Number of protein chains: 2
Amino acid sequence: MEKRAGIRDVAKAAGVSISTVSRVFSRPEIVSDSTRKRVLEIADKYDFKITRTGTMLKSGQTFRAALLMNESITSWFNTQVFAGIDSILHDKGYDISLFQHIDSAESRERFFTNLPVLRNVDMVFVASFAIEAEEAEQLQRTRVPIVGINVPESSCFDSTISIDDEGGMERATQHLIRLGHRNIVYTCSQPAPTIDSSIDARERGFVRACTQAQLTIPDLRWKVLKVPRGQQFADFALAAVLAEETFPDAICCQMDMMALPLVLKLQHFGHHAPRDYSIIGFDDSPYADTLGLTTMHQDPFEMGAMAARNALKLLNNEPLNEPFQLVEPSLILRSTDERRNVAQIAA
Amino acid sequence: MEKRAGIRDVAKAAGVSISTVSRVFSRPEIVSDSTRKRVLEIADKYDFKITRTGTMLKSGQTFRAALLMNESITSWFNTQVFAGIDSILHDKGYDISLFQHIDSAESRERFFTNLPVLRNVDMVFVASFAIEAEEAEQLQRTRVPIVGINVPESSCFDSTISIDDEGGMERATQHLIRLGHRNIVYTCSQPAPTIDSSIDARERGFVRACTQAQLTIPDLRWKVLKVPRGQQFADFALAAVLAEETFPDAICCQMDMMALPLVLKLQHFGHHAPRDYSIIGFDDSPYADTLGLTTMHQDPFEMGAMAARNALKLLNNEPLNEPFQLVEPSLILRSTDERRNVAQIAA
DNA sequence: TTGAAAGCGATACCAT
DNA sequence: ATGGTATCGCTTTCAA
């Protein structure tokens with residue numbers, strides 16, 4: 001009773017060959033009812049189940065998928081992406097091999113030179129960070145499908161699912177302008193050493209909307225407030241906004257996690273949204289709803305699921321309808337934005 | 001160039017045996033410098049790396065850990081536990097095989113009868129849900145270390161790391177009572193079909209503190225408000241609180257995710273904390289800090305890490321200092337609680 | 001319907 | 001220091 005029973009122990013006990021035991025589990029329909037029943041009984045008695053290891057070996061597949069991410073899985077976006085991928089892959093027998101914090105120069109270097117995923121995974125997902133040409137080349141040496149989620153264009157992906165960060169933030173900004181705001185501030189954190197593509201794209205969207213609008217609205221004032229990354233980025237943003245000579249009549253936020261603390265903390269300084277200013281976020285992350293934050297909605301869970309479905313198709317050499325997809329975030333109007341009347345604008 | 005190079009291709013190309021190639025990767029120090037260098041060069045040229053599959057087969061280990069959880073990984077607690085376990089196991093070469101939503105009767109049944117983890121993982125983690133005797137027995141058939149995180153006592157675990165939910169909530173409640181509150185309401189959601197041990201334990205803690213205090217404070221009034229589970233449990237709690245004949249002077253919350261929306265939404269109904277009532281949460285989850293919520297702090301990331309360290313030791317047959325650990329949550333005083341003066345209490 | 005045997009990738013023992 | 005070989009658990013032809 002010491003050692004766990006193996007396939008041959010079961011075969012012997014059931015008086016059949018290991019081939020038959022194998023078949024009982026992999027293709028039960030081609031085994032006679034009586035044999036199958038007997039084998040299953042014995043197997044159960046011995047706590048025997050087919051191991052995936054043998055199958056992996058034989059098939060050459062690992063039933064593992066690598067997920068590379070900037071920062072930690074604990075962020076809202078990353079968790080959702082993970083859960084979305086898992087929602088598709090789990091039932092197909094795949095595990096997700098997680099590689100977090102591919103963000104510092106060292107961790108990147110280490111990852112891409114060691115390339116621990118080489119010959120160890122069946123597919124690679126890259127979430128939310130840009131990849132450099134040389135790294136892309138390294139990654140392609142894995143010779144498995146590589147699917148990007150919220151990544152900038154790059155030749156190394158077989159498929160990408162991205163939201164239109166730039167267009168989305170442009171529309172968010174246009175919304176504020178259309179509401180009559182004329183002194184808009186964009187708060188964002190500095191990008192990570194490894195370029196987080198979303199951060200840059202969103203800023204570009206804001207700038208584009210503003211420069212464009214300025215052609216017809218000359219008195220439009222706008223400004224980008226960039227604060228250091230890290231735990232306290234929201235507090236830094238708060239300080240930066242309060243330090244402005246005239247308090248803005250609208251704040252456009254890189255993400256909800258910045259917008260939500262801002263809304264709450266600005267109250268303590270007498271600035272109430274939407275009474276005193278409008279504010280819009282990006283993501284529609286937890287509590288945005290509770291707080292009534294107007295924001296651009298995106299669904300990273302679904303994006304992860306889409307990525308996984310594409311990877312699976314690529315694995316089977318099936319054609320992809322749309323290998324490179326750009327998803328549009330949608331404006332969710334809630335209660336932190338309000339139209340300015342002419343008097344206020346003039347004031 | 002079609003097929004990927006295997007270990008024997010590399011061996012042949014380098015003019016050595018496969019044993020040598022294997023040694024170059026597993027114990028490079030016992031291979032001569034010149035051979036090692038040559039093999040590595042060839043390996044790199046062929047994009048060859050040692051596969052974990054072969055190693056698994058040989059060693060009998062799977063380098064996979066199962067993580068069973070109630071509900072979804074996207075909840076704060078579950079994500080933190082996952083990240084904590086991964087922080088220890090990742091570098092040791094383990095992947096986490098996630099089994100979410102072991103909560104409905106059917107999904108439980110399916111999981112425990114199929115027992116997909118049998119012979120497929122090296123260790124099992126159970127996060128935050130109670131297990132029945134029969135299920136425990138099933139689980140033990142895996143014959144691998146089973147470590148529980150926030151689980152009620154049960155014979156089936158080789159180790160458990162739990163927070164003292166009951167004691168923690170008792171102290172939270174005592175805090176409110178000591179502050180002078182005399183009309184306390186406890187808001188919580190109904191437990192899942194699969195018993196979420198924390199929910200029950202916390203309620204017990206509240207009830208115990210109240211019944212105990214009532215011995216010396218006869219005019220203490222308290223009540224448990226139980227609302228349906230699901231997405232809108234916070235809204236249900238809000239409605240339940242507002243439906244009380246006299247608005248409570250203190251609210252004790254099962255978790256921050258209930259307390260935070262409550263604090264925010266009660267404002268719209270003219271009830272401000274701590275001016276009109278005190279409120280205390282449990283967890284110290286995201287935004288508790290931002291909102292200044294007084295709460296009981298726990299650290300599920302660290303608990304996951306502890307669980308993983310214990311599992312690793314068990315795997316190596318090392319003794320555990322403290323196999324069954326009870327962690328105390330700590331009271332974090334912020335700004336949603338306030339002492340009532342005698343006048344107020346009398347009113 | 002079932003069995004025998006080869007082979008997948010890596011390791012470790014035993015030789016050399 | 002290196003090579004040959006058995007072995008791990010399973011799948012899959014090919015035969016019976």
Side-chain angles (χ1 to χ4, degrees), chain A residues 2-40 42-43 46-64 93 116-122 142-143, chain B residues 2-40 42-43 46-64 93 116-122 142-143:
Chain A
E2 246 313 291
K3 198 173 138 294
R4 275 200 296 242
I7 193 169
R8 51 198 92 227
D9 300 304
V10 174
K12 194 178 293 173
V16 296
S17 71
I18 58 165
S19 321
T20 303
V21 178
S22 171
R23 277 188 282 254
V24 164
F25 286 95
S26 53
R27 295 155 67 203
E29 66 279 7
I30 66 167
V31 178
S32 77
D33 280 11
S34 61
T35 330
R36 184 178 52 236
K37 189 156 164 286
R38 186 157 34 96
V39 170
L40 284 174
I42 302 282
Y46 282 82
D47 288 338
F48 175 84
K49 272 266 168 57
I50 288 293
T51 304
R52 286 160 64 196
T53 313
T55 314
M56 287 175 171
L57 188 55
K58 192 65 186 163
S59 68
Q61 290 196 66
T62 63
F63 289 96
R64 238 178 276 128
V117 294
L118 186 54
R119 298 207 337 141
N120 276 315
V121 298
D122 298 332
T142 58
R143 312 258 212 105
Chain B
E2 247 313 292
K3 198 173 136 295
R4 275 200 297 241
I7 193 169
R8 52 198 92 227
D9 301 305
V10 175
K12 194 177 295 175
V16 296
S17 71
I18 59 166
S19 318
T20 302
V21 178
S22 172
R23 278 188 283 255
V24 165
F25 287 94
S26 53
R27 295 154 68 202
E29 67 279 6
I30 67 167
V31 178
S32 78
D33 281 12
S34 61
T35 338
R36 184 177 52 236
K37 188 155 165 285
R38 187 155 35 95
V39 171
L40 284 174
I42 301 281
Y46 282 79
D47 288 337
F48 175 84
K49 272 265 167 58
I50 289 293
T51 303
R52 286 159 63 195
T53 313
T55 314
M56 287 175 172
L57 188 57
K58 191 68 183 153
S59 67
Q61 291 197 64
T62 64
F63 290 97
R64 239 178 277 128
V117 295
L118 186 55
R119 297 202 346 136
N120 277 314
V121 299
D122 299 333
T142 59
R143 312 260 211 102

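Proteins get letters first, then strands, A, B, ... in listed order; numbering begins at 1 in each. Every value quoted in this text rests on a predicted model; they were computed, and no experiment measured them.
Heavy atoms of B:Val21 sit nowhere under 4.0 angstrom from any nucleic acid atom. Contact annotation for B:Ile18: base contact, defined as any heavy-atom pair under 4.0 Å involving a base atom. Contact annotation for A:Arg119: backbone-only contact, meaning every heavy-atom pair under 4.0 Å involves sugar-phosphate atoms and none involves a base. At a threshold of 4.0 angstrom between heavy atoms, the contacts of A:Ile7 are confined to the sugar-phosphate backbone, with no base atom among them. Contacts of B:Thr55 with the nucleic acid, taken as non-hydrogen atoms under 4.0 Å apart, involve only primed sugar atoms and P, OP1 or OP2. Among the protein residues, B:Ser59 comes within range of no part of the nucleic acid, since none of its heavy atoms lies under 4.0 Å from any strand. Residue-level contact check: B:Ser32 touches the backbone only, with heavy atoms under 4.0 Å from sugar-phosphate atoms and none from bases.
In this structure a side-chain-to-backbone donor-acceptor pair under 3.5 Å is missing from A:Arg23 to A:Val31.
Remark: B:Ser19 is not in phosphate contact with D:dG3, judged by side-chain N or O atoms under 4.0 Å from OP1 or OP2.
Nearer to the 5' terminus of DNA chain C, by closest-nucleotide assignment, is the contact made by B:Lys49 (compared with the other of B:Lys49 and B:Arg23).
One finds a salt bridge joining B:Asp33 and B:Arg36 here, because a Lys/Arg side-chain nitrogen approaches an Asp/Glu carboxylate oxygen to under 4.0 Å.
For A:Lys58 against C:dG7, a side-chain N or O and a base N or O form a donor-acceptor pair under 3.5 Å.
Among C:dG3, C:dG9, D:dC10, the nucleotide with an atom closest to any side-chain atom of A:Ser17 is C:dG3.
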